[in-house]
Every structure is written in C-alpha cells, then in structure tokens.
There are 2 protein chains.
Amino acid sequence: MSQILRQQIEKIVQITDTEFEYILSHFTNKKIKKHQFVIQEGQLVENDFFILSGCLKSYSTDANGKDHIIQFGMQDWWITDYQAYYSQTIATVNIDCIEETELLCLTFQNREKLCAEMHKIEHFFRKKTNKRNVALQNRILSLLSSNAKERYDKLLEQYPQLFQKVPKQLIASYLGVTRETLSRFNSTKK
Amino acid sequence: MSQILRQQIEKIVQITDTEFEYILSHFTNKKIKKHQFVIQEGQLVENDFFILSGCLKSYSTDANGKDHIIQFGMQDWWITDYQAYYSQTIATVNIDCIEETELLCLTFQNREKLCAEMHKIEHFFRKKTNKRNVALQNRILSLLSSNAKERYDKLLEQYPQLFQKVPKQLIASYLGVTRETLSRFNSTKK
DNA sequence: ACTTTGATGTGAGGTATGTCACATTATTTT
DNA sequence: AAAATAATGTGACATACCTCACATCAAAGT
C-alpha cells in the first residue's frame, strides 16, 4: 500500500529500496472512520498526511457558521492545515473523513529531518509544492473569471472521480456557491 | 541593491559572501519602464523575477476580454507566470510594469542548477514556495467566504503600501469585483 | 501650459446567485 | 425492514454585484 508513496516520489526523484525504507520509517500509519476528524480547529497540527485510500475534506468555518471547503483529499494526495503545519501553530481549519481513510502521517520534525538529510527529498517536496502553487493559482483564476456553472463544469471535467465520492453540497461549498444554485444547473440547460 | 535578495535569503538560510556572489552570478539585471511587458501571453517564460524596486502586475485575459489580476509585485517579491515557468512552456498570462521597475532575472536552468549544487538554496526555495502556498490558500478562502467589501478591507489592512502604487481599478480586478462596485464602498459606509 | 489619456464617481436598471421553506429521495443506523 | 438522518430538488422572493452611460477629476506626454 505504501508503494503508492514510493511511486509518487519516483515520479520526481529516483530512490533505492533502502532509501525508501528509511523514508517510510519516518511516517506512521493511521486508519480513520467516516466522519472522524483528522485535524480540528484549535489543535496543534503535528502532521502532514499522505492519503493511501479514502477521501477527506479540509474546510474552514466562517463567522456566520458557514463552512467553506479548502481542499478535498483522495488517494495519492497530501492534506493538512498547511498554514498551521508549516508554522507549527494551531489549526484554523478542520479536516475530516468523507469515507473510511488510510493515511501515512509525517510530522513536521520528520519532514525537516528528511529534507536536511536527503537532498533528493527536499527536491521532491519543492517540486511538489510548486505544483500545488500552480493548482491554487488556477483555482483563484477560476473564482475570479468564471461563473458558478463554468466552475462546476471545469471541476467535473478535471476531477470526475471526486463526484463519485463527494456529495454535491460539498462540491458546491468548494466552488463557492450554495447547494441550491448548483442543483439548478441540472434542470437549467444553458 | 541586490543586497535585498541576500537579506531575503538570509531570513531562511545563512550564506557566506562568496556563496552570495556565486548565487548572484546566476541572475541577470533588467530595468523596465512603465507600461512595458516583462512576460506576454504566448511567449516562452524563461525567467522568474525578483523585484529590486518598482511595481508590476500579472494578469490573465478571459474569453470576454476582461482582465483578472493574479498577483501584484513589489520590492522584495518574486513574480512570473509560474505555470509556464515551472513546466517551461508558453505564458498564459501577461506581466507588465505599473511603474519603472528593476529586476533580477533567474532562468529556470539556473534555478535548477543552483538548487542542485547548493542544498541550502533548494531549502530556501522550498520554504519560499511553502509560504506562497499559504498566501494563495488564504486568498481562496477570502474569495469563498467574504463579500467584496470585506475582501477590500482585508487587503487594505494587509498591504497598505499597495494602495499607494496601484490604481483602484486594478485593486478591484485583483479582488474580483468591478471598479464601480469598489468605488461605491467609499460612499456606502456599511 | 495644453491636450490627451487614464482614473474615479455615480445613477438607473439588469442578472446571477443567495435565502428560506418544504417536499422528495437516498443512505445509514438500529 | 423500519426509523432516523443526510442529500437533493424546486418555488418564491431578496440582494449583492454587474453593466452601461456619462460626468468629473488627475496624471502624463508634447
């Protein structure tokens, strides 16, 4: 199962069996049931999570009690409260499971240790973060330049797997619209 | 002037005079006048730009010919079309100068060379990108959870310097509202 | 200094999306 | 299988924001 991580790393840098064993020894395993929290607002964020299987969401609750989805997580993706993780402070977001999920957990200390010890790994994480940057920027652009329907269509096209796992009201929250508006896209065929 | 770059690097990793000289030798200098382009849609993106002085904007033009500001750039910030830069493809955005600007230019090849040769520099760029990630994510959250007025107030609070250099219509574009809506915030005092 | 160009303000009316309420249909849980 | 819970659809109405039009004011180029 943890081979998924190795595959992801090896898309960017080549590593030996021994090196992978060593890297993996810095992770811990966690299995989490549906509806359970991985990170809760106010808690210290110790880990970044690599998703072996399952599905999660990270979201922030605003002043009016409304949730806004920051990110979904599925197999092969990483998820945490990055703001809190990188600065080792308390979470401002919640992360919970949409379905039963298996994670590899990497503490900040272990991440920095690996990066310091193995230049290759620092390279891997840099490249990974670069990609994340581009994705985030595209989402901003989508929010700035497209209406709700266009954003919906684009997301459906880009991540069809997501729509099998995630209820539409969460998709709506991710896109920044109400579930009602999103629902009406099915009838209105413009 | 290029000491600004050194200061930024040394906030994250310590380097010697010789090391800095070496790093700097991988940059080229560029001076650009107001209204001139640094990157144009369709061109190959060779450089990432470190801003020594001045002010720039990067923006994307949508299907209806409307511009959307992706990022501003001021002293001490980096700017480029990251999607095109990281994948060494052609630009989908434009970057031009809001006022006369002085840049340090780093080609992708030189960036990768420095990162490969100096672990410290790879570390620096990783940390830098991490921060950028957090900023981008906060902007997404702001677009999802705040109305135009709230976004405006937050930006004004966070980057007051920006409002001295940049016309309000560009601020509007960055926030994802029309200049008219933004203008009305001055009269309406809610 | 004058002229052009760009930035800002403001009114009137339009539209996409939000809100609330309730019905219907799936999905879990017992 | 029944009961409870969550997800979805849809109507009526509200509203934040957009569009277009024109006036004013500031800045830049000659």
Side-chain angles (χ1 to χ4, degrees), chain A residues 32-36 54-57 59 62-69 72 96-101 142-156 162-190, chain B residues 32-37 54-57 59 62-69 72 94 96-101 142-156 162-190:
Chain A
I32 299 147
K33 293 208 203 81
K34 195 165 170 170
H35 294 139
Q36 281 196 327
C55 186
L56 312 92
K57 64 177 194 283
Y59 60 99
D62 71 19
N64 308 313
K66 239 195 264 181
D67 289 344
H68 304 278
I69 298 219
F72 292 110
D96 64 25
C97 296
I98 294 173
E99 56 183 45
E100 190 172 345
T101 292
S142 174
L143 287 166
L144 291 179
S145 65
S146 304
N147 65 25
K149 179 70 160 70
E150 290 164 345
R151 274 178 270 148
Y152 176 76
D153 291 339
K154 214 182 291 180
L155 187 69
L156 181 56
L162 210 62
F163 290 71
Q164 263 122 46
K165 302 204 168 201
V166 172
K168 293 237 180 101
Q169 55 179 331
L170 296 182
I171 303 274
S173 169
Y174 177 87
L175 292 171
V177 284
T178 58
R179 54 169 206 82
E180 290 94 336
T181 297
L182 196 140
S183 165
R184 280 183 248 268
F185 293 155
N186 301 322
S187 27
T188 321
K189 65 218 52 132
K190 57 153 183 180
Chain B
I32 299 147
K33 293 208 202 82
K34 196 166 170 170
H35 295 137
Q36 281 195 327
F37 283 93
C55 186
L56 313 92
K57 64 176 193 285
Y59 60 98
D62 71 19
N64 308 313
K66 240 196 261 179
D67 289 344
H68 305 279
I69 298 218
F72 292 111
N94 297 288
D96 65 26
C97 297
I98 294 173
E99 56 182 46
E100 191 172 343
T101 292
S142 174
L143 286 167
L144 291 179
S145 66
S146 305
N147 65 26
K149 179 70 159 69
E150 290 164 346
R151 275 178 269 149
Y152 176 77
D153 290 340
K154 213 181 292 177
L155 187 70
L156 180 57
L162 210 63
F163 290 71
Q164 263 123 43
K165 302 203 167 201
V166 172
K168 293 236 180 101
Q169 55 178 333
L170 296 182
I171 303 274
S173 168
Y174 178 87
L175 293 171
V177 283
T178 58
R179 52 167 208 84
E180 290 94 335
T181 298
L182 195 139
S183 165
R184 280 182 247 267
F185 293 154
N186 300 323
S187 26
T188 322
K189 66 216 52 131
K190 59 157 180 178

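Chain letters run A, B, ... following the sequence lines, proteins first, then strands; residues in each count from 1. Reckoned from all heavy atoms, side chains included, excluding hydrogens, waters and symmetry mates.
Distances shorter than 4.0 Å separate none of the side-chain N or O atoms of A:Asn186 from OP1 or OP2 on D:dT8. The side chain of A:Lys168 contributes no N or O atom lying less than 4.0 Å from OP1 or OP2 of D:dA6. Between D:dC17 and B:Thr181, no contact under 4.0 Å exists linking OP1 or OP2 to a side-chain N or O. The shortest distance between the side-chain N/O atoms of A:Thr178 and the OP1/OP2 oxygens of C:dT17 is not below 4.0 Å.
Judged by distance alone, with hydrogens and angles left aside, the side-chain atoms of A:Asn64 form no donor-acceptor pair with the main-chain N or O of A:Lys66 at under 3.5 Å. Judged purely by atom type and a 3.5 angstrom limit, B:Ser142 has no side-chain atom pairing as donor or acceptor with the backbone of B:Arg151. Listed for the A:Asn186 side chain is a donor-acceptor partner under 3.5 Å among the backbone atoms of A:Ser183.
Sequence order on DNA chain D of the closest nucleotides to A:Val166 and B:Glu180 puts A:Val166 first from the 5' end.
Atom CG of B:Asn147 and atom C1' of D:dC17 are 10 Å apart (whole Å). Per the geometry, CD1 belonging to B:Ile98 stands 14 Å off C1' belonging to C:dG6, to the nearest Å. For the pair A:Leu182 CG and D:dG9 P, the interatomic distance rounds to 9 Å; values are reported in whole Å. Separating the OH atom of B:Tyr152 from the C1' atom of C:dT8 is a distance of 12 Å, rounded to the nearest angstrom. The interatomic distance linking A:Lys165 (NZ) with C:dT27 (P) rounds to 16 Å, in whole Å. Straight-line distance from the NZ atom of B:Lys57 to the P atom of C:dG6: 11 Å, rounded to whole Å. Summarising the geometry, the separation between CG on B:Leu144 and P on C:dG18 is reported as 11 Å, rounded to the nearest angstrom. The CZ-C1' distance, from B:Arg151 to D:dC17, rounds to 10 Å in whole Å.
Contact detail for A:Ser146 and A:Lys154: the closest heavy-atom pair is OG-NZ, 3.3 Å. Among all heavy-atom pairs drawn from A:His35 and A:Asp96, the shortest one is O-CB, 4.4 Å.
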N/O to N/O distances under 3.5 Å, protein versus nucleotides 22-30 of chain D:
| unit_1 | atom_1 | unit_2 | atom_2 | d |
| --- | --- | --- | --- | --- |
| D:dA28 | OP1 | B:Lys34 | NZ | 3.0 |

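B:Phe37 is linked by a ring pair (Phe, Tyr, Trp, His ring centres under 6.0 Å) to nothing, counting only residues two or more places apart in sequence or in another chain.
Pairs engaging residues 162-176 of chain A under the salt bridge (charged side-chain N to carboxylate O under 4.0 Å, His left out) rule: A:Glu99-A:Lys165 [sequence neighbours left out].
Picking from D:dA7, C:dA7, D:dA16 the nucleotide with the shortest atom distance to the side chain of B:Gln169 gives C:dA7. Checked against D:dG11, C:dG18, C:dA16, the side chain of A:Lys66 finds its nearest nucleotide in C:dG18. Of the candidate nucleotides C:dT19, D:dG9, C:dT10, D:dG9 has the atom nearest to the side chain of A:Ser183.
The base of D:dG11 lies close enough to the side chain of A:Arg184 for a donor and an acceptor atom to sit less than 3.5 Å apart.
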